[in-house]
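All remarks here apply to the structure that follows.
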Amino acid sequence: MDRAIQLAGLSQPELISFLETLGEPAYRGRQLFAALQHRRLRSFDEMTDLPKELRARLDDVAKASTLKIESQYVSNDGTRRYLMKTHDGLPVETVFIPEERRDTICFSSQSGCPLQCTFCLTAQLGLLRSLTAGEIVEQIVIALNDAYGIGVKPPRGTNLVAMGAGEPLLNLDSLLEALRVMADPNGVHIVPNRVTVSTAGVVPRILDLAKTADRPHLAISLAAATDELRNVLMPINKRWPLEELLSACKVFEKSLKPGERLTFEYVMLDGVNDSDEQARQLANLLNRHAIRAKVNLIPHNAAEPLPYQPSPAETVERFKNILESKGIHTYVRRPRGRDIFAACGQLAARQGALSGTPSIGATN
Ligand code: SF4
């Protein structure tokens, strides 16, 4: 991109300062923030409350939006999947999931991912680059506008989950910046308490997040309860093995608010990590560390080049029952958007099968 400033990731005070450098009064900054974040406009042309001359100057030095929607799909269950491109041509993928009580947007924090989880297709892309705060905010704006209409207030409120492509804690600064922008009541107004960040286990950043005021909720992708298996499924475990990870979770626990729990996610892989014995190992691991947590069992969605199959529903149920019998709060996550390959681990499973458009996908 040229040196134009990307405005979607700027807070209201930052936009005010930016407009002041152009000789504009503070109220113009507030107007611009409302146009970008509250009315969710993506071009200066649409901001007709700003003088034409100012819009032309903004066009010269800044960008109201940078992501381009390449294609989108709507599932039979209402899930919507967006394939976008950054200004430098990298893929970004976002999924909107309608739910009974509150809709959820699953966004990406990176294009590709540097981690090598063997059950995830994004791993095969490697890291293309981390997304900017603006690119994170734009994903949400695009999904909200498409689902409800441009600038229309979400009728049931919105949850955000950083569970798309990338390891969010390897892009923590931009992520927190984006969350600060979105929390503004004069803008998108989604507060961190409505946001869950899922990590493969970047221990130092878990500790940093624990110290962050107004932090989002945290989910840890476990996938295995022994180092031996986790080293294979999630090689990040060789860097930060389970004991270190769980100790960091114990520190994080101190930052939990009343009623808040840490989430452990466990993707269910047929014959790999779903035996009764492995359920007991998982329960013992969590009970030994006595962390205020719940477990989400995630049915794996088969993705052709990957060597895993989903655990049968009865196996998932048995696994859940064993965990619950040992006092672990356990939930089974319902797969969504399977027909448009938008479910966890499926996003890249049919690369190009829908439209010839390259896509990415993640499961953490
Ligand atoms: S599961 Fe998440 S952390 Fe692991 S490779 Fe995929 S995107 Fe990266």
Side-chain angles (χ1 to χ4, degrees), residues 81 83-84 86 90-95 105-131 135-136 139 160-172 174-175 195-206 209 216-224 227 229-242 245 248-249 263-269 272-273 295-308 310 333 335 337 341-351 358-364:
R81 170 186 174 204
L83 307 181
M84 309 176 205
T86 60
L90 303 178
V92 176
E93 193 145 354
T94 311
V95 178
I105 297 171
C106 174
F107 65 94
S108 297
S109 53
Q110 298 181 308
S111 181
C113 183
L115 303 187
Q116 293 293 312
C117 306
T118 54
F119 50 82
C120 173
L121 282 175
T122 305
Q124 300 185 354
L125 287 179
L127 176 65
L128 302 174
R129 78 167 161 78
S130 286
L131 299 180
E135 288 162 341
I136 293 172
Q139 291 177 65
L160 303 183
V161 293
M163 296 184 187
E167 164 52 61
L169 295 195
L170 292 180
N171 190 19
L172 186 58
S174 297
L175 176 70
V195 184
T196 301
V197 168
S198 176
T199 180
V202 184
V203 162
R205 297 285 88 79
I206 293 173
L209 192 63
H217 302 292
L218 183 64
I220 313 276
S221 181
L222 267 189
D227 282 326
L229 181 57
R230 199 164 187 270
N231 284 345
V232 174
L233 297 177
M234 303 183 74
I236 190 177
N237 194 70
K238 293 179 196 158
R239 178 87 166 79
W240 291 293
L242 280 168
L245 176 59
C249 292
T263 303
F264 288 106
E265 313 212 287
Y266 193 95
V267 60
M268 298 288 294
L269 307 169
V272 175
N273 65 355
V295 170
N296 271 350
L297 299 178
I298 304 173
H300 176 63
N301 295 291
E304 235 158 59
L306 302 180
Y308 304 110
R333 205 199 280 166
F341 311 112
C344 289
Q346 264 197 322
L347 295 178
R350 301 288 184 278
Q351 200 160 42
S359 66
I360 53 175
T363 54
N364 80 346

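Since the structure is predicted, the reported quantities are computational estimates derived from the model, not experimental observations. Counting starts at 1 for both ligands and their atoms, following the listed order.
For T94, the side chain to side chain donor-acceptor pair (under 3.5 Å) partners two or more places apart in sequence, or in a different chain, are Q139. Shown here are the side chain to side chain donor-acceptor pair (under 3.5 Å) partners of S130, two or more places apart in sequence or in another chain: Q110.
Residue-level proximity to ligand 1 for C113 is carried by the side chain, the only part with a heavy atom below 4.0 angstrom.
Interface of A123 with ligand 1, defined as ligand atoms under 4.0 Å from a residue heavy atom, comprises 5 (S). Residue G166 approaches ligand 1 through these ligand atoms, each under 4.0 Å from one of its heavy atoms: 7 (S).
Taking 2.8 Å as the criterion, C120 counts as a coordinating residue of atom 6 (Fe) of ligand 1, since one of its N, O or S atoms falls below it.
Paired with Y308 under the rule side-chain contact (heavy atoms from CB on, under 4.5 Å), one option of L233, N273, V267 passes, and it is L233.
Side-chain N or O atoms of S108 include none that pairs as donor or acceptor with a backbone N or O of G164 at under 3.5 Å.
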